[in-house]
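Accompanying notes for the structure given below.
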Amino acid sequence: MILDLDHTLGCGQVFRWRKEGDEWKGVVDGRMVTLRQTGERIDVSGMSEERFAIYFRQDDDLKAIYEELGGDEHLSSYFKRYQGLRLVRQDPWECMASYVLATNANIPRIQGMIEKVCRTFGTEMDGFYAFPTPGQLLDRCERSESCGLGYRSKRFIEMARLVQREEVDFSGLMSMGYEECVQELVRLPGIGPKVADCVSVFSLEHLEAFPVDVRIRKAMAELYGMEGSYRTVNRLSREKFGRWAGYAQEYIYYAYGR
DNA sequence: CATCAACCTGATCA
DNA sequence: ATGATCAGGTTGA
């Protein structure tokens, strides 16, 4: 199935993949992964083909999504321009923790904070660091002071505590409906409506979620005249795009940031 | 429900 | 160069 690594890993949904020359490097399941795309072909090392297919959501019928949403003038143009941009199946803990850190900071800073956290707490492999497990974080949580996380630090550590104690039921959140999932997520420290939507769509299989950040808010206002509270823009967008709203959001976000 | 200031701090702007 | 403003929001009132 069609997949474009540059769009998929560069659109902003993931924070830690890096392109070095023509290779994408990242960590999946605590393993270093290297990817190289030449045309349609992708060489994979460090992960199985099966794991690759799951991680890059090869089970989503992208052509069907394009057809279902292609009636929209803006999306149809984005689909042509950024063909092969896919959502990724992120690890729920890493996704949740990363987006808690990502609140009210710009992308360079977000990447800096996450990189510092990985270097401070994560397992090292060939100069690359894995995202820390909740246990690694809690073992030396006083070190988080040197990571420049600001007021996110407390929320980050508290989140690790909840996950470590298994008080966050990821598989339960995946199997319940989108609305209920969001309702549960916003009870957690550092998670408001926006982060709840990000976690829902990027790691909990709720592809109808539609995160509204400042960039998307601007885009939805300019493209469709949608304005109002988070709840309003979110609801109108989900009504407009339906079950694949998450895909629509990612294309709009990417297109609007360029 | 909607609104709003306060919040850490590195990037970016003027 | 340097002070103001902004940045993929959340919280509590």
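Just so it is clear, the structure is predicted and the values come from calculations on it, not from any experiment. Numbered from 1 within each chain, the chains take letters A, B, ... in sequence-line order. All values below were derived from every heavy atom in this structure, side-chain atoms included, with hydrogens, water molecules and symmetry-related copies excluded.
Using a cut-off of 4.0 Å between Lys/Arg side-chain N and Asp/Glu carboxylate O, A:R57 and A:E205 are scored as salt-bridged. Note on A:E23 versus A:R36: salt bridge recorded, some NZ/NE/NH1/NH2 to OD/OE distance being below 4.0 Å. Taking a cutoff of 4.0 Å between a charged side-chain nitrogen and a carboxylate oxygen, A:E68 and A:R243 qualify as a salt bridge. Salt-bridge annotation for A:R51 and A:D29: present, with a side-chain N of the basic residue lying under 4.0 Å from a carboxylate O of the acidic one.
Here the CZ atom belonging to A:F56 is positioned 11.0 Å from the CG atom belonging to A:D4, to the nearest 0.5 angstrom.
Residue contacts shown for A:I191 are limited to sugar-phosphate atoms, with no base heavy atom under 4.0 Å away. Within the nucleic acid shown, A:P211 has no heavy atom closer than 4.0 Å to any nucleic acid atom. Residue A:V186 is out of contact with every strand shown, counting any heavy-atom pair closer than 4.0 Å. Residue A:G192 is in sugar-phosphate contact alone, with no base atom involved, counting any heavy-atom pair closer than 4.0 Å across all strands shown. At the heavy-atom level, A:Q13 lies under 4.0 Å from base atoms of the strands shown.
Nearest nucleotide to the A:R152 side chain, out of B:dA2, C:dT11, B:dC8: B:dC8.
Residue A:H7 is tested with A:W24, A:Y78, A:W17, A:Y254 for a ring-ring contact (aromatic ring centres under 6.0 Å, His included); the sole match is A:Y254.
Aromatic pair A:F79/A:Y251: ring centres closer than 6.0 Å. Ring to ring, A:F210 and A:Y253 are not that close: their centroids are 6.0 angstrom or more apart.
Below 30°, between 30° and 60°, or above 60°: for A:F15 and A:Y99 the angle between ring planes is between 30° and 60°, a tilted geometry.
Counting to the nearest Å, the P atom of C:dC6 and the NZ atom of A:K218 are 13 Å from each other. A:R235 has its CZ atom 14 Å from the C1' atom of B:dA2, to the nearest Å. A straight line from CZ of A:R231 to C1' of B:dT3 spans 15 Å, rounded to a whole angstrom. A straight line from OH of A:Y151 to C1' of B:dT9 spans 9 Å, rounded to a whole angstrom. Spacing between atom CZ of A:R155 and atom P of B:dA6 amounts to 16 Å, rounded to whole angstrom units. C:dT10 atom P lies 10 Å from atom CG of A:N104, rounded to whole Å. Protein atom CG of A:L149 is 9 Å distant from nucleotide atom P of B:dT9, rounded to whole Å. In this structure, A:F156 atom CZ and C:dT10 atom P are separated by 16 Å, rounded to whole Å.
For the contact set between residues 92-101 of chain A and DNA chain B, defined by any heavy atom under 4.0 Å, there are no members.
Heavy-atom neighbours of A:E239 CD from other residues, nucleotides or ligands within 6.0 Å: above the threshold of 12. More than 12 heavy atoms of other residues, nucleotides or ligands sit less than 6.0 Å from atom CG of A:D43. Counted within 6.0 Å of NZ on A:K218, heavy atoms from surrounding residues, nucleotides or ligands total 12 or fewer; the atom is thus considered open.
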Sub-3.5 Å pairs of nitrogen or oxygen atoms, protein against nucleotides 11-14 of chain B:
from	atom 1	to	atom 2	distance (Å)
B:dA11	O4'	A:N106	ND2	3.2

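Using atom P as the reference point in both B:dC8 and C:dA13, the two lie 15 Å apart (nearest Å). C:dT5 and B:dA6: their P atoms are spaced 14 Å apart (whole Å). Distance check on atom C1': B:dG10 versus C:dT11 gives 22 Å, rounded to whole Å.
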In dot-bracket, 5' to 3', how would DNA chain C read with Watson-Crick or G-U wobble pairs under 3.5 Å, [ ] for crossing ones and | for pairs to another strand?
.||||||.|||||
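In terms of position along DNA chain C, the nucleotide closest to A:I107 lies nearer the 5' end than the nucleotide closest to the other residue of the pair A:G190 and A:I107.
Considering every non-hydrogen atom in both A:M226 and A:S237, the closest pair reads SD-OG, 3.6 Å.
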